[in-house]
Amino acid sequence: KLPMLVEPRPWTGFDDGGYLTMRLPISPVDRVDWLKLTKYLHSCVLRGVNHLQQQALCLDHQQIELMKAVWQLDHEMGSLPARHRMEWPKSHAKDKAFFQELWRVKADRRKDGARCAVVSSIVSYERLKDADRLFFAWTMDARGRIYANGAQINVQGPDHFRTLLQFEQTAPIKGHMRQLNYALAQAFGVKENVATWVHDNRDWLVRCGLNPMDNLGQLQAAKEPWRFLQLCRDLAGFVSDPSYESGTIHWRDQCCSGWGHVACLTGDEDLALRTNVIGKEKQDLYQLLGNQCLIDIARLLESEKGNEARCAAWWLDHWPSRKLWKQAAMPLIYGRSYMSMVEEVEIHLRDEIQDFLTDQGLRITELARVLSSSLFRVARQQLPNLRDLSAWLATGSKAQIQKGVKPCFYTPNGMQVQSFGSSTTYECIQLLLSNRTVQISTSTNKGGKPDQAKTRRRFSPDYIHSFDSAFLLRF
């Protein structure tokens, strides 16, 4: 599916909008169920989807050529992987260097899907490069979250894809330097003293915009290098010509939005303050939990001996990033288990250390367990009502299953969302070929009865994601 050259048809029902010649349902739910699930649907839902479909975009040809040039150089930059795959280790000696190289190769192999997506995006660009304007057909999932249909060239893709597009209607930068400064700092990863940082680094920011290929090292240091590059080009254009106009798309995201919904739904004023729902001073819940966790680990170092103390000392020497705190802590509101957190931290360490052992001989599993245990203790202390929502939702979904009803809930926009996992049934098929019997076992959960354990795991995430979407559609 590619973007459209003309405005998509507006949605008024289940499959009467979007593409002109291809029938596209607005949701993956069954047509019959759709009528029941949307009986009380608020008009803002379809109106919001149609409004997005009316927005004309165009390709940022200079940004695309820069992406292609970096791709041809076989240079990894942010979310853009290197073009060629790493070769398997040729050494026959099974020493530490061999296994470290093997881990790097395996990490590189996990980027093959991203490489295929880059090739697909270049092919899509060749088909679309002569288009003056593009429109996207938007649909939603069963939870009410909205998505654009547009292959790899998509405003919802990773950093190196979503910056390939810009608004057709441009606007002058003059009079909006504060907003541009904030966007530049945010893309680079600077959170404080934004105006001062941009002022002090203005010269090299302009250089990055004028000669990106000569400044790849500085661009690579940014949190979102491709968005940062696009903004540097805007700054360079404005410095050269004060009447310069930009069509760059700016994204806005609420900090800790899922936790904010939990704070409102449970009436937790302290959590609402920490997630910026109320209050005037900006706070960062994930970093706060991380800082408290490191204090807890320092205490562990003082009280424990042996391997746990060594793991605690390693974490204090290798300060975790906010990204890790977010990955580990965010799902706690969904009722995340201790073991799932351990697995999440293990994956992070696997990619960072590129080995299953540190230089000190510590296993990444042991490190993950120490950090996860500490984070669970801190979360219980700092957020005593943390699991109230997930426990309440689990009780509600269990009661619905016991009554023979598919677990569901209503969003503030009147959309009924069914959220459950089905029991798995197994079948055995025997084939007689050339006097040989081949036995094939298959499993399916389609049409099965709702399973309480599976439903418990997905009901809370679906509930919060649905509320997040309903909240945004109100705008």
Side-chain angles (χ1 to χ4, degrees), residues 60-83 107-108 111 114-115 117-118 121 152-166 173 176-240 244 246-253 255 282 284 286-287 290 319-327 348 351-352:
D60 188 337
H61 297 282
Q62 185 176 351
Q63 187 84 358
I64 294 174
E65 292 303 325
L66 288 169
M67 187 198 76
K68 291 166 63 177
V70 175
W71 174 251
Q72 291 296 330
L73 286 174
D74 199 21
H75 182 78
E76 182 172 350
M77 182 167 154
S79 55
L80 178 74
R83 181 182 178 187
D108 181 73
K111 300 175 183 177
R115 292 187 176 94
V118 173
S121 70
Q152 273 63 49
I153 301 180
N154 193 310
V155 291
Q156 293 177 309
D159 183 39
H160 62 286
F161 283 155
R162 64 181 182 177
T163 53
L164 304 182
L165 292 162
Q166 55 186 359
I173 289 181
H176 301 91
M177 276 305 299
R178 183 176 67 86
Q179 289 82 356
L180 179 60
N181 290 345
Y182 176 80
L184 276 164
Q186 186 185 48
F188 193 80
V190 176
K191 296 182 179 180
E192 298 180 354
N193 303 318
V194 168
T196 302
W197 181 83
V198 174
H199 179 270
D200 294 343
N201 296 281
R202 187 181 180 92
D203 290 342
W204 74 264
L205 291 173
V206 172
R207 287 199 303 271
C208 287
L210 293 175
N211 301 298
M213 299 303 295
D214 295 334
N215 295 275
L216 291 181
Q218 291 174 311
L219 291 170
Q220 179 64 46
K223 177 184 176 182
E224 297 175 297
W226 292 99
R227 180 180 172 222
F228 181 69
L229 167 58
Q230 196 174 40
L231 293 167
C232 285
R233 289 173 44 220
D234 282 343
L235 178 62
F238 173 72
V239 171
S240 302
Y244 175 85
S246 169
T248 298
I249 301 173
H250 291 259
W251 287 267
R252 290 290 178 264
D253 188 19
C255 179
K282 184 179 179 180
D284 189 339
Y286 299 129
Q287 194 60 56
W319 202 269
S321 63
R322 182 186 183 276
K323 180 181 178 182
L324 176 59
W325 295 128
K326 180 178 179 180
Q327 289 176 338
H348 172 83
D351 294 336
E352 288 293 321

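Within the 4.5 Å cutoff, the side chain of Q186 has heavy atoms near those of the R227 side chain. R233 has its side chain within reach of Q63: a pair of non-hydrogen atoms, C-beta onward, lies under 4.5 Å apart. Side-chain contact between C232 and L184 is present, with at least one heavy-atom pair separated by less than 4.5 Å. Side-chain contact between M177 and L235: present, with at least one pair of heavy atoms (C-beta onward) separated by less than 4.5 Å. For the pair W197/L205, a side-chain contact is recorded, criterion being any heavy-atom separation below 4.5 Å from C-beta on. Contact annotation: the side chain of S121 never approaches that of H160 to less than 4.5 Å [non-hydrogen atoms, C-beta and beyond]. Here the side chains of M213 and V70 are in contact, with some heavy-atom distance below 4.5 Å. A heavy-atom distance below 4.5 Å is not found between the side chains of D60 and T163.
For H250, there are no ring pair (Phe, Tyr, Trp, His ring centres under 6.0 Å) partners at least two apart in sequence or on another chain. In this view, F161 satisfies the ring pair (Phe, Tyr, Trp, His ring centres under 6.0 Å) rule with no residue, not counting sequence neighbours. Residues that satisfy the ring pair (Phe, Tyr, Trp, His ring centres under 6.0 Å) test with W71, not counting sequence neighbours, are absent from this structure.
The two residues S79 and W226 have their closest heavy-atom pair at OG-CD1, 4.4 Å. Of all heavy-atom pairs spanning L216 and M77, the tightest one is CD2-SD, 4.0 Å. Between D234 and Y244, the shortest heavy-atom distance links the atoms OD1-OH, 2.9 Å. Among all heavy-atom pairs drawn from H75 and Q220, the shortest one is NE2-OE1, 4.2 Å. Taking all atoms of both residues into account, the shortest heavy-atom contact from N201 to W204 is OD1-NE1, 2.7 Å. For the residue pair L219 and P225, the shortest heavy atom distance occurs at O-CB, 3.1 Å.
Annotation: the span from H348 atom NE2 to W325 atom CH2 amounts to 9.5 Å, rounded to 0.5 Å. Annotation: the span from M67 atom CE to Q62 atom CD amounts to 14.0 Å, rounded to 0.5 Å.
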Let me see the working for K191 and K282 under side-chain contact (heavy atoms from CB on, under 4.5 Å), right down to the final yes or no. CA-CA 11 Å; K191 296 182 179 180; K282 184 179 179 180; over 6 Å; no
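Within a 6.0 Å radius of NZ in K323, other residues, nucleotides and ligands contribute 12 heavy atoms or fewer. Within 6.0 Å of atom CD in E192, 12 or fewer heavy atoms from other residues, nucleotides or ligands are found, so the atom counts as exposed in its surroundings. The environment of R178 atom CZ is sparse: at most 12 non-hydrogen atoms of other residues, nucleotides or ligands sit within 6.0 angstrom.
With respect to the salt-bridge test (charged N to carboxylate O, under 4.0 angstrom), the residues R115 and D108 qualify.
Not a single donor-acceptor pair under 3.5 Å links the side chain of N211 to the backbone N or O of D214.
Partner of R162 under the side-chain hydrogen bond (donor to acceptor under 3.5 Å, both in side chains) criterion, chosen from Q156, E224, Q230: E224.
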